Amino acid sequence: MQAGASQHPPPKQVLIIEDNELNLKLLNDILEVHGYATIVTRNGAAALDLARQHHPDLILLDIQLPDIAGTEVARRLKADEQTRPIPLVAVTAFAMPGDRAMILESGCDDYVAKPINVRDFLAMVERYTNAAAPGSLDR
Ligand code: MN
């Protein structure tokens, strides 16, 4: 047996933007238990800086935030070439069809409704954090 660290790639990193403490703890705990590294923030302005600083593998975005609307955070993340490639998934209680369209139009790549289904949520996280590099997608 080798003690090669190369057999243990660094954990995928997920930035969670959520102002509700219970939701934040829930998302954070689910991800940590399943081997993800997390960065958390409760406001949108900090999220933009954190995304540039850490370039996480995935961003989870609450739409109702205390400072900047989540849709505006999405627009800013997708307007910045440094953060544009990072998969961005809204996690929100908004449930109306018009809300979904608004969220996707703001630049979010996907949408998960609260309350989350843990198995579906983890499958979504895995799908986005294991996405093949651009250029290697052949179908
Ligand atoms: Mn909120």
Side-chain angles (χ1 to χ4, degrees):
M1 273 175 62
Q2 294 186 344
S6 63
Q7 298 191 12
H8 299 279
K12 300 289 185 174
Q13 197 172 51
V14 180
L15 171 60
I16 307 169
I17 309 164
E18 169 64 84
D19 66 306
N20 179 283
E21 292 297 332
L22 287 176
N23 288 333
L24 178 56
K25 178 169 168 45
L26 175 66
L27 296 173
N28 186 69
D29 289 355
I30 291 170
L31 291 172
E32 284 193 345
V33 162
H34 290 86
Y36 293 92
T38 59
I39 307 163
V40 304
T41 182
R42 294 159 181 79
N43 71 82
L48 298 163
D49 289 336
L50 287 169
R52 289 192 198 96
Q53 189 180 337
H54 294 277
H55 204 86
D57 297 288
L58 173 66
I59 300 173
L60 300 176
L61 173 66
D62 178 29
I63 293 298
Q64 293 176 296
L65 294 169
D67 58 338
I68 310 173
T71 48
E72 179 59 25
V73 174
R75 286 188 193 96
R76 295 186 192 182
L77 287 167
K78 293 303 184 183
D80 184 323
E81 65 182 25
Q82 285 185 62
T83 55
R84 184 181 305 134
I86 304 170
L88 176 61
V89 175
V91 182
T92 175
F94 283 23
M96 302 298 286
D99 293 332
R100 183 184 172 89
M102 175 193 70
I103 287 164
L104 295 176
E105 191 272 339
S106 74
C108 292
D109 299 297
D110 208 337
Y111 169 100
V112 175
K114 296 180 207 172
I116 61 164
N117 172 293
V118 174
R119 185 194 294 183
D120 292 347
F121 172 74
L122 282 168
M124 180 276 293
V125 170
E126 185 173 6
R127 188 165 69 247
Y128 280 105
T129 58
N130 286 328
S136 67
L137 293 169
D138 57 3
R139 67 183 74 223

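Position 1 is the first residue of the sequence, and the numbers go up from there. Atoms within a ligand are numbered from 1 in the order they appear, just like the ligands themselves. FYI, side chains are in, hydrogens and waters are out, and symmetry mates aren't considered; it's all heavy atoms of this structure. Since the model is a prediction, treat every value here as computed from it, not as a measurement.
Taking 4.5 Å as the limit, every side-chain heavy atom of I39 sits out of range of all side-chain heavy atoms of Q53.
Residue pairs meeting the salt bridge (Lys or Arg N to Asp or Glu O under 4.0 Å) criterion with at least one member in residues 107-120, sequence neighbours excluded, are E18-K114, D62-K114, K78-D109, D110-R127.
Ion pairing between R84 and E81 fails under the 4.0 Å rule for side-chain N and carboxylate O. Ionic pairing of R76 and E72 is present here: one or more N-O contacts between side-chain nitrogen and carboxylate oxygen are shorter than 4.0 angstrom.
Grouping Ile, Leu, Val, Met, Phe, Trp and Tyr residues whose side-chain heavy atoms lie under 4.5 Å apart, directly or via other members, places L31 in a hydrophobic cluster with V14, I16, L24, L26, L27, I30, Y36, V40, L58, L60, V89, V91, V112, I116, V118, F121, L122, M124, V125, Y128.
With a cut-off of 2.8 Å, the protein N/O/S atoms near the Mn ion (ligand 1) add up to 3.
Remark: K12 engages no residue in a salt bridge (charged side-chain N to carboxylate O under 4.0 Å, His left out) (not counting sequence neighbours).
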